[in-house]
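These numbers come from the heavy atoms of this one structure, side chains and all, not from hydrogens, waters or symmetry mates. Residue numbers count from 1 along this sequence.
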Amino acid sequence: MKKGIDYIGVAVCFMCHDGKGNFLFTRRGPKARDEQGKWEVPAGGVEVGESVESAVRRELKEELCVEPKSLEYMGHREHIAEHEGSTRHWIVFSYLVEVDPEQVAIGEPEMCDALEWATLEKPPEPMHLAMLDSIVVVQNYLHTKTDLL
């Protein structure tokens, strides 16, 4: 049985930034589940018995070899999409994560084969199916934070 296909998957998605307006994008490697060669933001499944925040910290360490400077919960969303003849369904918990760009490295080269820092307005292409949703979440969150100031 496959998460997100045979049953609803629970995932974390994290938009890493450098505190200066740049965001980290990762390119899916040759052993990624799908959409190899497409750009995305880091994400991963939540394991049984693991809190959502712990999943973010674990995935950051596994995928990017980095500890967060800060974590901000931005909310959750459902990602439902058709891809390659099947419906994908995930509940995604989104975080805004500040990291030190000098500390970031590829931790799982078979899953991610490149990193790129870019702005939300000019992300790298081609984009993974779910990346646009992630960008909109962060833009809405940042807009709300600005409105509160």
> With sequence neighbours excluded, what pairs up with Ser134 under the side chain to side chain donor-acceptor pair (under 3.5 Å) test?
Replying inline: Arg77
Just list the side-chain donor-acceptor pairs under 3.5 Å for residues 119-132, sequence neighbours left out, or say none.
{"from": "Thr119", "atom 1": "OG1", "to": "Lys122", "atom 2": "N", "distance (Å)": "3.2"}
{"from": "His128", "atom 1": "ND1", "to": "Ala130", "atom 2": "N", "distance (Å)": "3.0"}
{"from": "His128", "atom 1": "NE2", "to": "Glu35", "atom 2": "OE2", "distance (Å)": "3.4"}

> How close do Ser51 and Ser54 get, heavy atom to heavy atom, and via which atoms?
Replying inline: OG-OG, 2.8 Å
> Of all residues at least two apart in sequence or in a different chain, which pass the side chain to side chain donor-acceptor pair (under 3.5 Å) check with Ser70?
Replying inline: none
>> Quick check: is Val10 connected to Tyr73 through a chain of hydrophobic side chains (ILVMFWY, heavy atoms under 4.5 Å apart)?
In response: yes
>> Would a single hydrophobic cluster contain both Ile106 and Val56, if residues Ile, Leu, Val, Met, Phe, Trp and Tyr are joined by side-chain heavy-atom contacts under 4.5 Å?
In response: yes
> Can you list the residues that meet the salt bridge (Lys or Arg N to Asp or Glu O under 4.0 Å) rule with Arg58, with sequence neighbours excluded?
Replying inline: Glu47, Glu50, Glu62
> Which residues satisfy the side chain to side chain donor-acceptor pair (under 3.5 Å) test with Asn22, sequence neighbours excluded?
Replying inline: Asp18
>> Can you list everything that forms a salt bridge (Lys or Arg N to Asp or Glu O under 4.0 Å) with Glu116? Sequence neighbours excluded, please.
In response: none
Indicate every side-chain donor-acceptor pair of residues 38-46 with a distance under 3.5 Å to a residue at least two apart or in another chain.
{"from": "Glu40", "atom 1": "OE1", "to": "Arg28", "atom 2": "NH1", "distance (Å)": "2.8"}
{"from": "Glu40", "atom 1": "OE2", "to": "Arg28", "atom 2": "NH1", "distance (Å)": "3.2"}

> Should Trp117 and Val104 be marked as a side chain to side chain contact (heavy atoms under 4.5 Å, CB included) after you check the CA-CA gap, both sets of side-chain angles, and the distance that decides it?
Replying inline: CA-CA 11 Å; Trp117 290 91; Val104 174; 4.2 Å; yes
> Can you name the closest pair of heavy atoms from Pro101 and Val99 and give their distance?
Replying inline: CD-O, 3.3 Å
> Once you round to the nearest 0.5 Å, how far does CH2 of Trp90 lie from NE2 of His76?
Replying inline: 15.5 Å
> Between Cys16 and Leu60, what is the shortest heavy-atom contact and its length?
Replying inline: SG-CD2, 3.7 Å
> Taking the side chain as C-beta and beyond, is there a heavy-atom pair between Tyr95 and Glu53 under 4.5 Å?
Replying inline: yes
> Are Leu64 and Leu24 side-chain neighbours, meaning at least one heavy-atom pair lies under 4.5 Å?
Replying inline: yes
>> For Phe25, give me all partners under ring-ring contact (aromatic ring centres under 6.0 Å, His included), at least two apart in sequence or on another chain.
In response: none
> How many angstroms lie between atom CD of Glu67 and atom CD of Gln103, to the nearest 0.5 angstrom?
Replying inline: 9.5 Å
> Who passes side chain to side chain contact (heavy atoms under 4.5 Å, CB included) against Met74, sequence neighbours left out?
Replying inline: Met15, Ser94, Leu96, Val137, Val138, Tyr141
> What pairs with Lys69 under salt bridge (Lys or Arg N to Asp or Glu O under 4.0 Å), at least two apart in sequence or on another chain?
Replying inline: none
>> Is it the case that over 12 heavy atoms from other parts of the model lie below 6.0 angstrom from the CD atom of Glu102?
In response: no
> Taking atom CD of Glu78 and atom CD1 of Ile8, what is their separation to the nearest 0.5 Å?
Replying inline: 6.5 Å
>> Measuring from atom CG of Asp34 to atom NZ of Lys2, what distance do you get when rounded to the nearest 0.5 angstrom?
In response: 9.5 Å
> Honestly curious: do Val97 and Val66 fall in one hydrophobic cluster under the side-chain, below-4.5 Å linking rule?
Replying inline: yes
> Who pairs with Asp113 by salt bridge (Lys or Arg N to Asp or Glu O under 4.0 Å), at least two apart in sequence or on another chain?
Replying inline: Arg27
>> List the residues meeting ring-ring contact (aromatic ring centres under 6.0 Å, His included) with His89, not counting sequence neighbours, and say none if there are none.
In response: none
